Amino acid sequence: MLDDAARAFLQKPLLARMSTIDQEGYPHTVPVWFMLEGDDICIIAVPETKKVGHIRRNPKGSVSVGGDVNDGGGYLIKGDFAVEDDPGGAFMRKITFHYEEPETAAKHVEDWKDLGIQTIRLKVKRVLKV
């Protein structure tokens with residue numbers, strides 16, 4: 001589903017905009033960190049957030065990455081979200097170190113270790129170059 005150009009672009013530590021569908025049927029869009037894991041887009045979240053609740057009611061959604069000045073465009077990625085546990089915070093640690101300098105990342109990993117952070121996985125169904 002993701003070609004080499006999309007994979008290369010999505011390896012960068014860019015902010016994504018994640019859209020879920022709220023209980024009234026409207027998009028709920030928030031900025032998130034993400035990483036590719038195989039062919040999936042993975043995001044971290046505290047279980048009590050609105051995005052997690054929305055996914056539990058309706059897994060359909062999208063992630064938009066790029067579209068900023070001079071980044072060559074971006075991608076809109078549509079699919080179905082799933083919420084998974086993150087045993088020992090392994091993915092939370094990986095993504096935090098991907099986005100932050102080591103000293104700051106280590107502090108955040110320590111601060112967040114008891115939040116029960118989960119992984120949100122987007123199973124990609126469609127990729128659009130924007």
Side-chain angles (χ1 to χ4, degrees):
M1 203 49 75
L2 297 169
D3 64 20
D4 290 343
R7 284 185 182 285
F9 188 82
L10 296 172
Q11 296 294 330
K12 300 174 187 177
L14 301 168
L15 279 182
R17 293 144 202 93
M18 173 187 179
S19 295
T20 56
I21 307 301
D22 72 14
Q23 59 274 23
E24 296 176 6
Y26 292 103
H28 174 84
T29 303
V30 294
V32 293
W33 290 349
F34 75 96
M35 287 185 76
L36 275 180
E37 190 170 270
D39 290 329
D40 300 338
I41 304 289
C42 293
I43 297 160
I44 56 173
V46 175
E48 297 79 22
T49 58
K50 289 185 180 188
K51 60 184 167 275
V52 170
H54 296 161
I55 291 166
R56 294 196 188 285
R57 279 188 299 280
N58 181 351
K60 294 190 181 314
S62 65
V63 170
S64 174
V65 183
D68 295 322
V69 175
N70 300 322
D71 72 3
Y75 294 88
L76 174 62
I77 303 162
K78 297 179 180 184
D80 293 323
F81 288 111
V83 179
E84 305 171 352
D85 288 333
D86 183 17
F91 186 73
M92 182 263 294
R93 179 179 177 76
K94 182 178 176 180
I95 199 169
T96 303
F97 276 86
H98 180 67
Y99 276 87
E100 296 184 327
E101 295 297 322
E103 186 175 312
T104 303
K107 180 182 181 329
H108 283 147
V109 166
E110 179 63 25
D111 291 347
W112 299 341
K113 69 180 181 185
D114 296 325
L115 296 178
I117 289 178
Q118 296 178 304
T119 301
I120 297 173
R121 182 177 300 274
L122 179 65
K123 291 290 191 181
V124 177
K125 290 193 172 185
R126 189 167 182 202
V127 178
L128 303 164
K129 177 83 170 124
V130 294

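Not measured: the values here are computed from a predicted model. All heavy atoms count here, side chains included; hydrogens, waters and symmetry mates do not.
- Relative to the six-membered ring of Phe81, Lys60 misses at least one condition, a distance below 6.0 Å or an angle of at most 45° to the axis.
- Shortest non-hydrogen contact noted between Met1 and Lys125 is CE-O, 3.3 Å.
- Looking only at distances, a side-chain donor or acceptor of Asp86 sits under 3.5 Å from a matching main-chain atom of Phe91.
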For this session: Would you please test Trp33 and Thr96 for side chain to side chain contact (heavy atoms under 4.5 Å, CB included) and show each step?
Result: CA-CA 8 Å; Trp33 290 349; Thr96 303; 3.9 Å; yes
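- For the atom pair NZ (Lys12) and OH (Tyr99), the distance works out to 12.0 Å, reported to the nearest 0.5 Å.
- Closest non-hydrogen pair, Thr119 versus Cys42, comes out as CG2-CB, 4.1 Å.
- Scanning both residues, Met92 and Ile95, for their nearest heavy atoms gives O-CG2, 3.4 Å.
- Hydrophobic clustering (ILVMFWY, side-chain heavy atoms < 4.5 Å, transitive): Phe97 and Ile117 are in one cluster.
- Here His54 contributes atom NE2 and Ile21 contributes atom CD1; the two are 9.0 Å apart, rounded to the nearest 0.5 Å.
- The distance from atom CZ of Arg121 to atom CD1 of Ile43, rounded to the nearest 0.5 Å, is 11.0 Å.
- Counting non-hydrogen atoms of neighbouring residues, nucleotides and ligands closer than 6.0 angstrom, the CG atom of Asp111 exceeds 12 such neighbours.
- The two residues Thr29 and Arg17 make their nearest non-hydrogen contact at CG2-CB, 3.8 Å.
- Contact check for Val83 versus Arg56: side-chain heavy atoms found under the 4.5 Å cut-off.
- If you take CD on Glu84 and CD1 on Ile120, they are separated by 10.0 Å, rounding to the nearest 0.5 Å.
- Atom CD in Gln118 sits 5.5 Å away from atom CG in Asp85 (nearest 0.5 Å).
- Between Ala16 and Val65, the shortest heavy-atom contact is CB-CG2, 3.7 Å.
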Problem set entry | Lys129 and Asp3: CA distance, side-chain angles, deciding distance, side chain to side chain contact (heavy atoms under 4.5 Å, CB included) verdict | CA-CA 11 Å; Lys129 177 83 170 124; Asp3 64 20; over 6 Å; no
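- When the side chains of ILVMFWY residues are joined at heavy-atom separations under 4.5 Å, either directly or via intervening members, Leu36 and Leu15 end up in a single hydrophobic cluster.
- Leu115 is connected to Val32 through a chain of hydrophobic side-chain contacts under 4.5 Å among Ile, Leu, Val, Met, Phe, Trp and Tyr, so both are in one cluster.
- Heavy atoms from other residues, nucleotides or ligands lying under 6.0 Å from CZ of Arg126 number 12 at most.
- Heavy-atom minimum distance, Gly38 versus Arg7: O-NH1, 3.1 Å.
- Summarising the geometry, atom CD1 belonging to Ile41 is positioned 15.0 Å from atom NZ belonging to Lys78; distances are rounded to the nearest 0.5 Å.
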For this session: List the steps, then state whether side chain to side chain contact (heavy atoms under 4.5 Å, CB included) holds for Val30 with Thr49.
Result: CA-CA 11 Å; Val30 294; Thr49 58; over 6 Å; no
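- Each of Leu76 and Met18 belongs to its own hydrophobic cluster when Ile, Leu, Val, Met, Phe, Trp and Tyr are linked at side-chain heavy-atom distances under 4.5 angstrom.
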Problem set entry | Verdict with supporting geometry, Val124 and Ile77, side chain to side chain contact (heavy atoms under 4.5 Å, CB included) | CA-CA 7 Å; Val124 177; Ile77 303 162; 3.6 Å; yes
